[in-house]
Amino acid sequence: MKCLYCGCEDSKVIDSRSADEGRTIRRRRECIGCGRRFTTYETIEETPVLVIKSTGNRQAYDIQKIKKSVIMACAKRPVSMADIDALAEKVTKQVYNSMDQEISSKDIGEMVMEELKTLDKVAYIRFASVYRSFTDEESFMQELKNIMDNKESENK
């Protein structure tokens, strides 16, 4: 690490501490050349993930968009904000663990629906009705029937 004051490239670490809830390491350094101290911060370099929308446009992945849509689906439901945050974090981990630099919005929507299925069935149906753009009551009823069939098979 190059010294701020004299430009010397040799320094020693005097103290290291975790910062920003463990996402950053703060290091106090002392320059070997001039003896002055300075602070550096070390963070993980994140590779941005682009979301390919249905129109073909691309935009940066944003966890806040996931949270916003899940909050709308969970309106007036007994789902805590902690549960919503956990769901959004889980989906975000899946997105980044895919190791792809681009992912379709369809894939993200499927991940969210899979998590909502276990969290709250009504919120799942609300999300699916917007996400899958049910065009008529037949497609909506088919999705409800699938949920009921899965519930019956789980109870057996």
Side-chain angles (χ1 to χ4, degrees), residues 1-2 4 11 13-29 38-156:
M1 192 56 65
K2 199 172 191 176
L4 225 53
S11 65
V13 176
I14 296 170
D15 182 41
S16 290
R17 294 181 189 200
S18 179
D20 191 26
E21 297 177 357
R23 295 186 198 127
T24 305
I25 296 175
R26 177 184 178 269
R27 298 195 194 279
R28 279 300 282 161
R29 297 178 177 272
F38 57 98
T39 303
T40 61
Y41 292 91
E42 183 179 316
T43 60
I44 295 174
E45 183 178 6
E46 291 183 11
T47 306
V49 174
L50 295 179
V51 177
I52 304 169
K53 306 296 273 181
S54 58
T55 60
N57 294 337
R58 287 168 169 73
Q59 58 184 231
Y61 175 80
D62 184 6
I63 190 173
Q64 295 305 319
K65 288 187 176 189
I66 304 271
K67 287 182 184 181
K68 183 180 172 186
S69 61
V70 172
I71 287 170
M72 287 178 12
C74 293
K76 298 183 181 180
R77 298 294 306 151
V79 179
S80 71
M81 195 60 205
D83 289 338
I84 293 170
D85 286 338
L87 181 147
E89 285 293 329
K90 194 169 183 181
V91 169
T92 298
K93 283 181 183 175
Q94 289 175 358
V95 167
Y96 281 99
N97 285 340
S98 73
M99 301 299 286
D100 294 326
Q101 290 184 328
E102 294 184 335
I103 188 167
S104 72
S105 58
K106 182 179 186 233
D107 292 342
I108 293 172
E110 293 295 331
M111 290 176 197
V112 171
M113 286 197 306
E114 200 58 41
E115 296 301 320
L116 273 174
K117 228 183 240 186
T118 59
L119 184 64
D120 187 275
K121 299 276 194 258
V122 172
Y124 165 77
I125 289 293
R126 287 177 178 171
F127 187 89
S129 69
V130 172
Y131 173 72
R132 292 205 173 126
S133 303
F134 293 139
T135 54
D136 56 17
E137 61 273 0
E138 180 64 33
S139 55
F140 186 78
M141 291 305 290
Q142 183 60 42
E143 189 65 32
L144 282 174
K145 185 178 180 319
N146 290 343
I147 289 175
M148 296 306 287
D149 290 345
N150 287 342
K151 188 174 183 180
E152 287 175 11
S153 66
E154 287 174 4
N155 289 339
K156 290 182 181 180

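The chain is numbered in sequence order, starting from 1.
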Set of salt bridge (charged side-chain N to carboxylate O under 4.0 Å, His left out) partners for [X], sequence neighbours left out:
X      : result
Lys106 : none
Arg27  : Glu42
Glu110 : Arg132
Asp85  : Lys67

Residue pairs passing the salt bridge (Lys or Arg N to Asp or Glu O under 4.0 Å) test where at least one lies in residues 71-84, sequence neighbours excluded: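 Pairs touching residues 71-84 that pass the test: Arg77-Asp120.
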Where at least one partner belongs to residues 50-66, residue pairs that pass salt bridge (Lys or Arg N to Asp or Glu O under 4.0 Å), sequence neighbours excluded: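 Found Arg58-Glu102.
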Can you list the residues that meet the side chain to side chain donor-acceptor pair (under 3.5 Å) rule with [X], with sequence neighbours excluded?
X      : answer
Arg126 : none
Asp100 : none
Asn57  : Thr55
Thr24  : none

Distance in Å, [X] [atom1] paired with [Y] [atom2], rounded so as to fall on 0.5 Å steps:
X      : Y      : atom1 : atom2 : answer
Gln64  : Ile71  : CD    : CD1   : 8.0 Å
Phe38  : Arg28  : CZ    : CZ    : 9.0 Å
Lys68  : Ile63  : NZ    : CD1   : 15.0 Å
Lys90  : Ile66  : NZ    : CD1   : 14.0 Å
Thr39  : Arg17  : OG1   : CZ    : 10.5 Å
Met111 : Leu116 : CE    : CG    : 14.0 Å

Residues, nucleotides or ligands: over 12 heavy atoms within 6.0 Å of Met81 CE: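 Yes, the 6.0 Å shell around CE holds more than 12 heavy atoms from other groups.
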Donor-acceptor pair between Arg26 and Ser16 side chains, under 3.5 angstrom: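 No, Ser16 and Arg26 have no side-chain donor paired with an acceptor closer than 3.5 Å.
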Nearest atoms (heavy-atom pairs only) where Tyr124 meets Met113: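 That would be CD1-O, 3.3 Å.
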Side chain to side chain, [X] and [Y], heavy atoms closer than 4.5 Å:
X      : Y     : result
Ile108 : Tyr61 : yes
Cys74  : Val70 : yes
Ile84  : Val79 : yes
Thr40  : Arg29 : yes

From CA spacing to verdict: side chain to side chain contact (heavy atoms under 4.5 Å, CB included), Val91, Glu115: CA-CA 8 Å; Val91 169; Glu115 296 301 320; 4.1 Å; yes
Sequence-distant partners of Ser69, side-chain contact (heavy atoms from CB on, under 4.5 Å), two or more places apart: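 Per chain and number, Ser69 pairs via side-chain contact (heavy atoms from CB on, under 4.5 Å) with Phe127.
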Which residues share a side-chain contact (heavy atoms from CB on, under 4.5 Å) with Met72, sequence neighbours left out: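 Met72: no side-chain contact (heavy atoms from CB on, under 4.5 Å) contacts found.
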